Amino acid sequence: MFKEERDYNRFAWEDLGDIEKGRPNLGLSCPVLVYRLLQYAIRDELIKQFNVEKGREIFINAGTLAGVEFCKNILNTDLDLNEFLAELQDKLKKLNIGILRIEKTDLQKMELVLTVSEDLDCSGLPMSDETVCEWDEGFIAGILNTYTGKEFHVKEIDCWALGDRTCRFSVNLKEQV
């Protein structure tokens with residue numbers, strides 16, 4: 001039996017493979033339902049095997065890793081911040097990830113408040129007693145970390161699953177948290 005053990009991330013964009021070649025009939029997309037089926041089954045199993053905090057930590061770390069690779073391979077990091085954020089908005093919408101809005105910016109302190117509507121993770125979910133967009137927190141942090149070379153802390157402050165109709169994230173430099 002093959003067992004892969006390591007204490008570092010090996011994932012890189014190339015690991016996603018040639019989707020067009022591998023799915024000549026089905027193509028690049030799959031329904032949000034399938035994405036959520038994967039996400040929530042993994043999330044539930046992580047919480048069961050570890051605990052809520054460890055499951056949350058794993059999802060944030062995975063999102064960060066994905067955000068780094070997304071930024072390096074999809075976004076132009078040579079743009080100024082406003083152009084970069086506009087490109088990020090455009091790519092997230094074109095890839096059907098979500099509709100990003102920048103509600104508040106303080107460029108001096110590098111603080112932002114962002115919303116993501118119609119997101120993959122939770123738009124349309126029934127009410128619950130918890131936020132569920134940990135992966136998004138990491139994804140946004142990974143993108144901004146890669147773009148700026150600084151470490152960001154991203155925290156979901158409103159969530160569809162809590163009754164809000166958009167997911168809202170507070171973004172701060174990590175040393176300010």
Side-chain angles (χ1 to χ4, degrees), residues 28-44 46-47 52-53 55-71 73-77 79-148 150-174 176-177:
L28 299 173
S29 298
C30 76
V32 173
L33 173 73
V34 176
Y35 169 84
R36 287 185 183 175
L37 184 64
L38 173 70
Q39 176 184 0
Y40 285 106
I42 291 172
R43 184 178 189 272
D44 200 49
L46 288 171
I47 289 169
V52 171
E53 283 309 308
R56 183 175 156 62
E57 176 188 331
I58 290 169
F59 259 80
I60 290 170
N61 290 345
T64 301
L65 179 59
V68 166
E69 290 297 318
F70 184 87
C71 186
N73 290 279
I74 298 292
L75 301 170
N76 180 354
T77 58
L79 299 173
D80 73 32
L81 181 61
N82 288 329
E83 292 171 323
F84 178 78
L85 292 173
E87 181 185 50
L88 176 59
Q89 285 176 310
D90 182 61
K91 296 292 184 186
L92 293 179
K93 188 172 183 182
K94 281 184 178 168
L95 292 170
N96 293 326
I97 294 171
I99 300 170
L100 174 68
R101 298 279 184 254
I102 315 309
E103 284 191 344
K104 180 180 166 187
T105 59
D106 184 335
L107 298 181
Q108 291 267 339
K109 295 180 181 177
M110 288 303 289
E111 294 177 350
L112 302 153
V113 175
L114 313 171
T115 62
V116 182
S117 300
E118 298 185 39
D119 64 289
L120 288 172
D121 291 344
C122 75
S123 293
L125 285 182
M127 293 277 292
S128 72
D129 60 352
E130 61 185 350
T131 62
V132 295
C133 298
E134 295 91 1
W135 190 90
D136 290 348
E137 290 175 347
F139 186 68
I140 294 165
I143 290 169
L144 294 174
N145 295 351
T146 303
Y147 173 70
T148 64
K150 298 175 181 177
E151 246 188 289
F152 282 84
H153 174 65
V154 178
K155 178 71 179 155
E156 185 176 29
I157 53 178
D158 292 319
C159 183
W160 181 289
L162 292 177
D164 302 299
R165 288 300 167 246
T166 191
C167 294
R168 183 169 284 106
F169 300 89
S170 173
V171 180
N172 303 291
L173 282 174
K174 221 167 201 173
Q176 293 178 354
V177 176

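Just so it is clear, the values below take in all heavy atoms, side chains as well, and ignore hydrogens, waters and symmetry mates. Everything numeric in this text was worked out from a predicted model, so none of it was measured.
One finds the SG atom of C159 at 8.5 Å from the CG atom of D121 (value rounded to the nearest 0.5 Å). For the atom pair K155 NZ and S170 OG, the distance stands at 10.0 Å (nearest 0.5 Å). Once rounded to the nearest 0.5 Å, the distance linking CG of L112 with CG of L81 reads 7.0 Å. Here CD of E156 is found 5.0 Å from OG1 of T131. Values are rounded to the nearest 0.5 Å. Atoms NZ and CE, from K150 and M110 in turn, are 6.0 Å apart once rounded to the nearest 0.5 Å. Put simply, OG1 on T146 and CG on L75 are 9.5 Å apart, with the number rounded to the nearest 0.5 Å.
Other residues, nucleotides and ligands contribute more than 12 heavy atoms inside 6.0 Å of the CD atom of Q39.
What you find for R36 and L120 is that their closest heavy atoms are NE-O, 2.6 Å. Between C122 and C167, the closest heavy-atom pair is SG-SG, 3.1 Å. A pairwise comparison of heavy atoms in L46 and F59 identifies CD1-CE1, 3.6 Å as the closest pair. Nearest approach of E87 to N76, heavy atoms of both residues: OE1-N, 2.7 Å. Contact record, C71 with F84: SG-CZ, 3.9 Å, taken as the closest heavy-atom pair.
Within the 4.5 Å cutoff, no side-chain heavy atoms of V116 are placed close to those of D136. Within the 4.5 Å cutoff, side-chain heavy atoms of V113 are placed close to those of R168. Annotation: side chain of W160 is in contact with side chain of R165 (closest heavy-atom distance under 4.5 Å). Under the 4.5 Å side-chain criterion, counting only non-hydrogen atoms from C-beta, L92 is in contact with F70. Side chains of F139 and T64 form no contact here, defined as non-hydrogen atoms less than 4.5 Å apart.
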Just do the side-chain contact (heavy atoms from CB on, under 4.5 Å) check on C133 and D119 with the steps written out, would you? CA-CA 9 Å; C133 298; D119 64 289; 4.0 Å; yes
Run the side-chain contact (heavy atoms from CB on, under 4.5 Å) check on I102 and Q89 step by step: do they pass? CA-CA 9 Å; I102 315 309; Q89 285 176 310; 4.3 Å; yes
Candidate pair R101 and T166, rule side-chain contact (heavy atoms from CB on, under 4.5 Å), full reasoning: CA-CA 10 Å; R101 298 279 184 254; T166 191; over 6 Å; no
List the steps and the verdict of side-chain contact (heavy atoms from CB on, under 4.5 Å) for Y40 and V132. CA-CA 9 Å; Y40 285 106; V132 295; 3.3 Å; yes
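Using cut-offs of 30° and 60° on the angle between ring planes, the pair W135 and Y35 is perpendicular.
With hydrogens and angles disregarded, no donor-acceptor distance shorter than 3.5 Å links the side chain of N172 to the backbone of E111.
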